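Here is the structure we will look at.
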Protein chains: 2
Amino acid sequence: MTDKQRHSWVSIRDSIREMILNSTYGPGDKLPRDEEFAAQFGCARSTVHRAMRDLAQSGLVERRRKGGTTVRRDPVTRATLNIPITRLEVEQKGSTYGYQLIRQSVQPTSPAIMANFALPEARPMLRVEALHLADSRPYIFEDRWICLETVPEITSVDLTRESANEWLVRNRPYSRCDLRLYARPGSASDSEILQSNPGDALFVMERTTWIGEAPITSLSAVAHPGYQLFTQG
Amino acid sequence: MTDKQRHSWVSIRDSIREMILNSTYGPGDKLPRDEEFAAQFGCARSTVHRAMRDLAQSGLVERRRKGGTTVRRDPVTRATLNIPITRLEVEQKGSTYGYQLIRQSVQPTSPAIMANFALPEARPMLRVEALHLADSRPYIFEDRWICLETVPEITSVDLTRESANEWLVRNRPYSRCDLRLYARPGSASDSEILQSNPGDALFVMERTTWIGEAPITSLSAVAHPGYQLFTQG
DNA sequence: GACATTATTATGTAGCTACATATTAATGTA
DNA sequence: TACATTAATATGTAGCTACATAATAATGTC
């Protein structure tokens, strides 16, 4: 009678990871088939499969049907960013949240926004410029474009009271989100809105979302000097 | 005889997501049990389970044993960052990669690095300052600390030829990675190394990794002006 | 030999059962 | 009433079978 202890997929995953890290299998090598691993570990193929899926998702191995599983030649660092509603971010730091609508107007899509959405032609969109505050100090300034064809209800929302950020996130789940992060020097208008000094280094988050193929919103959020973005382990 | 078409977990997930988005279930609401959904959709509980796991991972719902599944009151945007080896990043842009070791020395941990690792006391570490180049132009400058207790072999690696980035990623998989992103104005030494102008806005990525509880490396990578970080959809 | 067709193969998914685990609700006892 | 113990419950996981799918290898035809 063989030893029939239960193997968790986590322990299987760790065993395989260990083998990769101690060079039993090196970069580019083909790993045994799931079934072979299952026999080796004395567990079911489904358990190996789950372990492998996790390793593949974390970027350590690559899987292809028929092709089998190979150790990635060039491992990537994968990190998950958690971007909450700005109000919550502020409140979780123990600060008081404030919000201020600056401008709002219907405009045809600018070339930059068309590029973000990969749109071939301009569409009518609502452009909303607003400021998020923490303890009455500027926190994040957002310049947002909302597609009126996809989100017509936005015109009947009072954006002086509720931020477009909050309304959209609560009412319009998205199926795809593109993110772009970079630094840029603060302009004169930045320093006016964010009460920063001209030439300050500003952290910019550009975010574009779709539901299916339909564009929802594209925005550039400029944070106050000193802002930091973390991963949540 | 009931209609026995196969339901993929993806379609089940999308159906449930759709219900949440069209307010069949609102923020904070408790969703039916997996079994009930399974009966409703005419599929197995395991299929609903997989759909739910995905929704939970993407941040739309929260699951708790016995507590059931609830729609998150405050949805978060979750994005996965793909951070490849710097050499690959450069090569994938079609540029020629270059590498240059600037300084290397054994030092006791600085307070900032101790904080990154959450270490109670200083440990001997190898500090490596190096520059990554794209088409002979500065691309990313990294200031890296490597824990000698966890990675003693690093002392026998010729870091003038191989970057610590590459050696570590190939030889030392990690189990935990903390990431911090921010912008900071370039200092005089930055502008010398990165050939930037003083006052340029620089994008900084701080990365700290562990294997189990043991610290591996902590680094601050400063990118050349104009650098952008993307999510890979 | 070039190209279309047909096996082969390893991963991916759906469905089932059984049991594990965490957490809440119910119950019993001082 | 207060607190410990026990039952109930929804999700989580392991194992199994069967079939789907994609990609490669083998084969056949001109």
Side-chain angles (χ1 to χ4, degrees), chain A residues 1-20 24-25 27-73, chain B residues 1-20 24-73 80:
Chain A
M1 186 112 57
T2 59
D3 188 22
K4 270 259 174 178
Q5 63 178 2
R6 304 280 275 200
H7 293 277
S8 80
W9 68 269
V10 175
S11 72
I12 300 284
R13 178 200 64 188
D14 291 345
S15 299
I16 297 174
R17 201 215 308 260
E18 182 64 24
M19 284 191 232
I20 293 171
T24 307
Y25 304 103
D29 283 2
K30 203 173 151 189
L31 291 181
R33 292 160 30 222
D34 290 6
E35 247 175 272
E36 284 181 50
F37 263 133
Q40 185 178 325
F41 287 117
C43 69
R45 178 167 84 90
S46 54
T47 310
V48 175
H49 178 67
R50 225 180 301 192
M52 286 298 199
R53 259 207 320 176
D54 197 69
L55 290 172
Q57 206 204 327
S58 73
L60 191 60
V61 304
E62 265 185 333
R63 314 199 85 202
R64 271 171 39 226
R65 282 178 172 169
K66 162 85 181 178
T69 310
T70 51
V71 181
R72 276 188 77 121
R73 233 167 249 288
Chain B
M1 188 117 54
T2 58
D3 189 20
K4 270 260 173 178
Q5 64 181 1
R6 304 280 274 201
H7 293 278
S8 80
W9 67 269
V10 175
S11 72
I12 300 285
R13 179 199 63 189
D14 291 345
S15 299
I16 297 175
R17 200 214 310 258
E18 181 63 23
M19 283 191 230
I20 294 171
T24 307
Y25 303 103
D29 283 2
K30 203 173 149 187
L31 292 181
R33 293 161 31 222
D34 290 5
E35 248 176 273
E36 284 181 49
F37 263 134
Q40 185 178 324
F41 287 116
C43 69
R45 179 168 82 92
S46 54
T47 309
V48 175
H49 179 66
R50 227 182 300 192
M52 285 298 199
R53 259 209 318 176
D54 197 69
L55 290 172
Q57 207 204 326
S58 72
L60 191 59
V61 304
E62 264 186 334
R63 314 200 83 201
R64 272 173 38 226
R65 282 178 173 169
K66 164 82 182 179
T69 309
T70 50
V71 181
R72 277 188 74 121
R73 234 167 247 289
T80 303

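Predicted model, so just to flag it, every value in this text is computed and none were measured.
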* To do: Could you tell me whether A/Gly68 contacts a base, only the sugar-phosphate backbone, or nothing, with contacts defined as non-hydrogen atoms closer than 4.0 Å?
  =>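 Since only primed, P, OP1 and OP2 atoms lie under 4.0 Å of A/Gly68, the category is sugar-phosphate.
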* Asked: Among all residues two or more places apart in sequence or in another chain, which pass the side chain to side chain contact (heavy atoms under 4.5 Å, CB included) test with A/Arg33?
  ->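 Result, side chain to side chain contact (heavy atoms under 4.5 Å, CB included) vs A/Arg33: A/Glu35, A/Glu36.
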* Residues from residues 47-65 of chain B sitting under 4.0 Å of DNA chain C, heavy atoms only? ->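 Residues of residues 47-65 of chain B that come under 4.0 Å of DNA chain C are, in numerical order, B/Thr47, B/Arg50, B/Arg64, B/Arg65.
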Could you state the atom-to-atom distance from [atom1] of [X] to [atom2] of [N] in whole Å?
| X | N | atom1 | atom2 | value |
| --- | --- | --- | --- | --- |
| A/Arg45 | C/dT11 | CZ | P | 7 Å |
| B/Arg33 | D/dA8 | CZ | P | 15 Å |
| B/Glu35 | D/dT11 | CD | P | 8 Å |

* Enumerate the residue pairs fulfilling side-chain hydrogen bond (donor to acceptor under 3.5 Å, both in side chains) with a member in residues 51-64 of chain B, sequence neighbours excluded, ordered by first and then second residue. =>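 Residue pairs passing side-chain hydrogen bond (donor to acceptor under 3.5 Å, both in side chains), neighbours aside: B/Arg13-B/Asp54, B/Asp34-B/Arg63, B/His49-B/Arg63, B/Arg63-B/Thr69.
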* If a stem is a run of at least 3 consecutive Watson-Crick or G-U pairs, both distances under 3.5 Å, which stems include DNA chain C? ->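 For DNA chain C the paired stretches long enough to count as stems (3 pairs minimum) are C:1-30 with D:1-30.
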* Under the side-chain hydrogen bond (donor to acceptor under 3.5 Å, both in side chains) rule, collect the residues that match up with A/Asp14, sequence neighbours excluded. =>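 Residues passing side-chain hydrogen bond (donor to acceptor under 3.5 Å, both in side chains) with A/Asp14: A/Arg17.
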* Not counting sequence neighbours, which residues clear side-chain hydrogen bond (donor to acceptor under 3.5 Å, both in side chains) with A/Thr24? List them please. =>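 Residues passing side-chain hydrogen bond (donor to acceptor under 3.5 Å, both in side chains) with A/Thr24: A/Asn22.
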* **By salt bridge (charged side-chain N to carboxylate O under 4.0 Å, His left out) - contacts of A/Arg50 (at least two apart)** =>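 A/Arg50 satisfies salt bridge (charged side-chain N to carboxylate O under 4.0 Å, His left out) with no other residue.
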* B/Tyr25: what forms a ring pair (Phe, Tyr, Trp, His ring centres under 6.0 Å) with it, not counting sequence neighbours? ->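 B/Tyr25 satisfies ring pair (Phe, Tyr, Trp, His ring centres under 6.0 Å) with no other residue.
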Distances under 3.5 Å between nitrogen or oxygen atoms of protein and nucleotides 4-8 of chain C:
none

